[in-house]
Each structure stands twice: as structure tokens, then as C-alpha cells.
Number of protein chains: 2
Amino acid sequence: MRLSRFFLPVLKDAPSDAQIVSHQLMLRAGMIRQEAAGIYAWLPLGFRVLKKIEQIVREEMDRAGAVELLMPTLQLADLWRESGRYDAYGPEMLRITDRNDRELLYGPTNEDMITEIFRAYVKSYKALPLNLYHIQWKFRDERRPRFGVMRGREFLMKDAYSFDIDEAAARKSYDRMFVAYLRTFKRMGLTAIPMRAETGPIGGDLSHEFIILADTGESAVFCDSRILDLPVPGEDVDYDADQKPVVDDWTRYYAATEDVHDAARFESETPAEFRREARGIEVGQTFYFGEKYSRPMKASVTGPDGKEHFIHGGSYGVGVSRLLGAVIEASHDAGGIIWPDAIAPFGAGVLSLRPGDAAVDAACNTAYEALVKAGKEPLFDDTDERPGGKFATADLIGLPWQIIVGPKGLAEGTVELKRRATGERESLSLESAIAKVAG
Amino acid sequence: MRLSRFFLPVLKDAPSDAQIVSHQLMLRAGMIRQEAAGIYAWLPLGFRVLKKIEQIVREEMDRAGAVELLMPTLQLADLWRESGRYDAYGPEMLRITDRNDRELLYGPTNEDMITEIFRAYVKSYKALPLNLYHIQWKFRDERRPRFGVMRGREFLMKDAYSFDIDEAAARKSYDRMFVAYLRTFKRMGLTAIPMRAETGPIGGDLSHEFIILADTGESAVFCDSRILDLPVPGEDVDYDADQKPVVDDWTRYYAATEDVHDAARFESETPAEFRREARGIEVGQTFYFGEKYSRPMKASVTGPDGKEHFIHGGSYGVGVSRLLGAVIEASHDAGGIIWPDAIAPFGAGVLSLRPGDAAVDAACNTAYEALVKAGKEPLFDDTDERPGGKFATADLIGLPWQIIVGPKGLAEGTVELKRRATGERESLSLESAIAKVAG
């Protein structure tokens, strides 16, 4: 992408109502624009990152055997009456009446609807296990939306739903999602720590929140630091095999958010040298809720015994839009955002220090074309902005590699290559710089 | 994908309330499920096609220089008051009140919001031309939703918005989108005929509807058949060049929907041998509306003359979810759907006629793995269904190529290869079948 043809409205200063650093940086970097309280437009830069995060989430769900579909944003109120949640959900649910006076709502989650879909088609245990997921916009009418996309009202969530014949099978499905979550966050450069959690309005008796550590996190967390060194299963993870050993590994050390923290237990279970108090941000949550929805909604299958069994369900959420804020909270410096390579909006930048200079133009074009061909999705800053402004923008928006091309260097046969994460700069030939970035 | 792990709830019979063939086939093929009047869940098969169509639309927008962002589904009513459209829009707009009594609406289109975004950031003509688009769910509270996804209430639309300094520049932007539309529909195997159209609630004085011909189309169309032979620009189209010659080519023959049809003009302009009366389905519409939104919303830029100019705008919609229905209306037979290769949910099928037979299993696995590696996204029917059922499903869901593997053929060293579109079958070696499908 040539910057002259892109739409990147960076701001000099962060609007004063942005309280946390991710919100400030997303506004300054021209990633989002608020359209109403807790409702954002994703400007092109933010949209690119959103899509990359979404794609990683999708790939890891698919790898774990979940099947993607897409449920609508609006749902019938009667569906929620059937599961018994309509009145229970409270004012966070956005209730809507259409022109024919039918009661609708903007879905805050989809347990009810997916159960309705399941029961319409699946009649036999032979179709199980089944895990269906979607990545769709949700709405929760927060009383006080704030912190940008971290606590928005309209937000993008991945939610998966597992269906099994009994609790033992459902636990296996739960464990698969648990491992998929470890992999998902790891691929985004994050270490997410699973912590036992309350189940809230989703219900059930087993739940984990996946928390990433960030100095500016929303809540205090207490954990055994040995968790941070545990291995995450690789791409070759075999989801046909039992994942319980991995889950056991990741849950044997103490880890709790402040809501459920038990200081005495923490101290008795965790040697002092491993006790870690930090701040954390929730990026995902898993639930096993058994027959909570299948029983009132009559979602059952015929078992191998010829009898009807209510299915045992679980649900598994990832806050896709929230993750942008979480990643930035965990990875930034005074200059701006430091994207992990896997989710950077552009894989590299090519900064022309003198557009119009024939040698500079030629070198920039060579670098740009080579990086496009290598699949690095480079951003070519071909604008008339002064060099200082270009450097600032490249760091603000977090271009992981920056090839800086000026007439002086070129006269000596070199360009400069900067690594955003470390700030390291080196002078080298154009060819070497391209080779290094193209990897 | 192995069918045993997919979720494909095909139905023997079409529900009796589905009036048109695309709606019937989408239900029978397990592509969609109605969740409320005009509101559908996209089951995995339907979702896959939706994503493929979306991706083609995206690629052609990007190629034409449009930049993708994503606006939220909900908008502030006040924004529409500012443009003057809030009261004008009528009962098709879904009006919503949140917990703080703020008036929102579910966006049926985004001219107002994109103008708000534009004016917040763009101050100089130097940033022009600019074309911003998104692919987002919209809602129109149709009085009588029907025909499945063809006239739904919650639907997926691509809408692009161009911003230019004056009418001459805006016409160039319009022409680029016109050509991008020709390319977009062509890639989906469709010939879309641009026809002069009314502008309706979007406004403006220049508009084209893009209509595809289908025997079951919603409206009668009248056109000069020579349009159908006009060339569509290739991948190497140069959008920096003026596209007016292409637009002139495609608009010089008579073409009109029944709303604006002029029989006398048709007969005088079109020699009898080229007069074609047919049925058509609208799949896209383009608008040039000048200062309709920029003037009330004060979206202006400083021109090269140092003066403020209201920008000249256009908008360009493609009915992404509607296109699934349109394609099926245009391409099906008694056995089911005939997908154009570019948007087929799976590129090929591998049908095992005897799962559990070692030779059949080995041959199927070889074919399946080879087609996965070739990027053909095959569907491997590894279920216990009888052969007749597998053939029917493969045709119903429209697998473009079908490699049929049975013990008898294998004993003679052959498999069967079927081409869905023509029904042709041939016996050949497994390797030849793979090579033919992998292309």
C-alpha cells in the first residue's frame, strides 16, 4: 500500500477523554473513531489489525475441529424467553421492537440461538462431538462504556459452542478449546494465563478466564510465575488425542484474579520466589454449563443406548475487538505501538526521505515491490511529509521493520533498517535490507 | 474438510413456504436457517460461499483503489437528522432506544456516517480522490420480507463512498467503480448489465443498477443482446487511466428495467434481431449524488485555488448476501446448485462408495490430501450414507468436480470423475483425476 493512496488520519495529540494508553494510541494512530458512546468505526489501519486477529482466531478454531457459521446480530426475544434468560439478562441487553411490533434484541451472546439451530437438525449421538462457532458483532449496553474498544458496546466476539452426549465427552471438548486458546494468544505474541472464574450470566460450574499481563491491566492478578514458562502446544497438536494433560499442566499452579483471590492459599501453595502480583486483562473465557440450555430448550439426541439424552454444552468466547486494546496495553512505548509481527497492520515500511529524487524513488520502488512479492504487505511512505514526521508515524503505527531510504545513504550504497521493537538501526545494502525483512 | 466432521444438514424436501428456487435450494442444501422474518443464520455451507463472494468483492474494490474500513451497525439518529434523512427514511429504518434513552438506528446505508468521518479528517484537495468502503451487515425493516436472502431484513452489503473536488473528478471515480463492478460480477460467473436507474432515497441524478439475467428474476428487463458480448476489462485494467471509454461502451446500447422501460425507444434504437426481453435480478447499484450530503453536513476541502469546496460524492453498493440467491437463480438444475468454480463452497468432492474398504480409503485419502495441497478445498464424503445419497448431496450442494471412488473401479485401476455443470462422467486413473481437478 502506498501511503499517498491510503487513509491514515494520525493525530498529533490524543483526545483528552481517552484515559488509557491503548485508547489514546488507537485514536492517535488513526485506527478507530467513536461514532457514539462505546460504538466505533474501524478506520483502515485498525481494520487491518482486526482482520489479522480474527484470522488467527479462525485458524486455531478450525485446527481444533470447530466449524464456522454465522448467526445474525438480531435475535427474537421469544428465543431468550424459552431458555429463561430474557428477563434475567438485565439492562445490558439492547431490546428492540420492529415495525410489526415483534420483540427483537441485539445479541450479546448466542447460547440460545445455537441451541435452537442444533436441535433443529441433530438427532443422533453419531453427529457428536460437534463444535460450531462464529465471529460476529455483539452488543452489550454497558452503563458506562469506556477505555475505547476495551469496554465498548458494539464489539466483535468469537463465540464457539460445543455439543456432547455426556459430561465426560464435554470435558474433552472443553479441553480442546482450552488448548486452542493457549495457541491463539501465543500466536499473537501474548502469554495468556488461564484462571478459574465465576460463570456469571452464561451459567455452569466450570469456567476459565484467559488473562494477559499488562502493567495497565484492568484488574489485579496473582499467579505462580512458573506458569509463564509452560510450553504451548505447537502446530502439530493432535486434537484427536486427549488434551487433559496440557490442561492439567496449565492449571496446577495458583492463578487468580482479585475477585476470587485467596491470599492464604496463594502463600501456602506458591513458594515466595514464584509469587507474582501483576495487572491483567481478560481476552477470553471458557464455560462448561452442562444441560443449562439443552434442558429448557429440549435439545437432545438419541444415544447408543437408544434413549434420549440432553446434550452437554460449553461455550468459548474470545474478545476479538478487545484484543487490539489488550495487545497495545501489553506492547507499546513512548513512540507508539509495538505490534507483534503476526498481527501488525503492515509487515514493513519503506520510508522515502526524498520523493522525487530518481535514485531514492527507484530504490524505494525496488524494496516495495520485493516486499509485496514476499507477502510482507509493506506500507510505502511516498508522501511529502518531512523525514521527522515519517519516522514518528512509522513508530506510532508500529511498522515492525522500517527500510529508510535517503539520497545520502544511497550515494554510499546503503539504506537504513530499523527494527521497531528494539529501536536498533543498521546501515546495509538495499538488497540485504530486503532479504532481512523478507525473511 | 471431511464431511463426517462438517455440519451439513441437508433436507429431503424444501419447506413449503419457500417460493423461489434459490430459497428452496439454500434451505435444502443446509446453507441458511431462518431465525426471524428476513433474518437468517448462515450455516457452514452458506457461510463458505458468502465469504468467497465477499472476498471477490473486496479484491476488486482494492484493485480499483478503494480503501477498506468498517463502520458499526448502529448509528446515532442525530447524524441522520443532520443530513436531513432521518424523517425521510420511513418505516424501513429500524429505530432503537438505548438504556440512556439515546436514539440509535440500525444502519440501512452509510452515506451520513462516512461523510462525518471524512469531514473530521480531510481538509485539503491533496487527499483526493478518496474512496472508502466497508462490508457490513445492514438492516432494512421490509414490510414483507421474502424470497430468502434475496429480500431479507438483515443483509450483508458492500458499500463504497467516493469523495472528489468537483463533478468532473467525481465522474472519473464513478467510472472506476462501474468497471470494478463489471469485473466483480464477471469473476463470479455472472454477466451483469448496467441499466440507468432511479436514485430513490440515496438521491442524486446519475445511477446505474447492475442486473443479471435469470429466468426467475424479480423484474422484466429489456436490452440489446449485443451488450452480452461486450468485453470486460481484465486483471491488468489500469485504474489510473480514464475508464470513460469502457463505460461508454457498456451504456451505448438500450437496456432498461420495466420501471423505466420505453417500448418505442427500444424498438427505434434496437434492431429486431438484437431485442431481448428477459427477467433480471439487481445485484448492485451505483450513485453519483454531488453535494447532497456534503452541503448539509459541511464536508468541504480547500482546493488548489485556496477556497473551500463542498466535496462531490458517490456511493456504490453490492448486495453480498443477496448475490448467493442471485447466482443460484441464474445457475441451477433439477439436481441442485451449479456453482461457478470461483465461489463454490468446496472446489471438489471426493466420494467414497465404501468407507472401510482399505483400497477405497487409501485412494480417497490420496485424492483428498492432494487436493488440499493444491488449494482446492475439497470435501471428502467419508460418511456411511449409501452411494445414491452421496451423489444426490454432491449435486445438491454443487461440488464442481466429483471424484467417485468405489471398489469395482479401483480393481480395474480407475475412479470416476464427474463435472457438475455438464453432468459428464469419465473413468480414468486416480492420478489423472487428481491432475485434472488440481488443474
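Quick note on labels: first sequence line is chain A, next is B, and so on, each numbered from 1. Only this structure's heavy atoms are used, side chains among them; waters, hydrogens and symmetry mates stay out.
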Segment of [X] engaging chain A (4.5 angstrom heavy-atom cut-off):
X: B:Tyr40; result: backbone
X: B:Ile32; result: backbone
X: B:Gln136; result: side chain
X: B:Glu142; result: backbone
X: B:Arg153; result: side chain
X: B:Ser4; result: neither
X: B:Ile96; result: side chain
X: B:Leu74; result: both

* To do: Indicate yes or no: does B:Lys126 engage A:Asp384 in a salt bridge with an N to O separation below 4.0 Å.
  => no
* Asked: Does B:Asp240 come within less than 4.0 Å of A:Arg5, counting only side-chain N to carboxylate O?
  ->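 A salt bridge links B:Asp240 with A:Arg5.
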* Structure fact -> Heavy-atom closest pair (B:Ala41 atom, A:Pro72 atom, distance to 0.1 Å) is CA-CD, 3.8 Å
* To do: Might you point out which heavy atoms bring B:Leu94 and A:Thr97 nearest each other, and give the distance in Å?
  => CD1-O, 4.0 Å
Chain A contacts, top residue of [options] (heavy-atom pairs, under 4.5 Å):
options: B:Phe139, B:Tyr106, B:Phe47; value: B:Phe47
options: B:Asn131, B:Leu50, B:Val67, B:Leu11; value: B:Val67
options: B:Ile117, B:Ile39, B:Leu104; value: B:Ile117
options: B:Arg102, B:Met71, B:Glu92, B:Arg48; value: B:Arg102
options: B:Asp78, B:Asp98, B:Asp62; value: B:Asp98

* To do: Would you please classify the geometry between the A:Tyr121 ring and the B:Phe7 ring as parallel, tilted or perpendicular, with 30° and 60° separating the classes?
  => perpendicular
* To do: In sequence, state the C-alpha distance, the side-chain angles, and the governing distance for B:Leu69 and A:Trp42, and then conclude on side chain to side chain contact (heavy atoms under 4.5 Å, CB included).
  => CA-CA 6 Å; B:Leu69 44 59; A:Trp42 295 78; 5.8 Å; no
* Using the side chain to side chain contact (heavy atoms under 4.5 Å, CB included) rule, take B:Leu76 and A:Glu35 through it: C-alpha gap first, then chi angles, then the decisive distance, then the call. => CA-CA 7 Å; B:Leu76 282 178; A:Glu35 291 298 333; over 6 Å; no
* Sub-3.5 Å donor-acceptor pair from the side chain of A:Glu68 to the main-chain atoms of B:Pro44, do we have one? ->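 The answer is no, because no donor-acceptor pair under 3.5 Å joins these two groups.
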* Asked: Picking from A:Gln75, A:Arg143, A:Met93, A:His134, which has the most non-hydrogen pairs under 4.5 angstrom with chain B?
  ->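 Heavy-atom pairs under 4.5 Å are most numerous for A:Arg143.
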* Asked: Got a sec, which residues hit side-chain contact (heavy atoms from CB on, under 4.5 Å) with A:Pro91, two or more places apart in sequence or on another chain?
  -> B:Arg99
* **A:Leu130, part contacting chain B, at a heavy-atom distance under 4.5 Å** => side chain
* **From CG (A:Asn100) to CG (B:Asp141), nearest 0.5 Å** => 6.5 Å
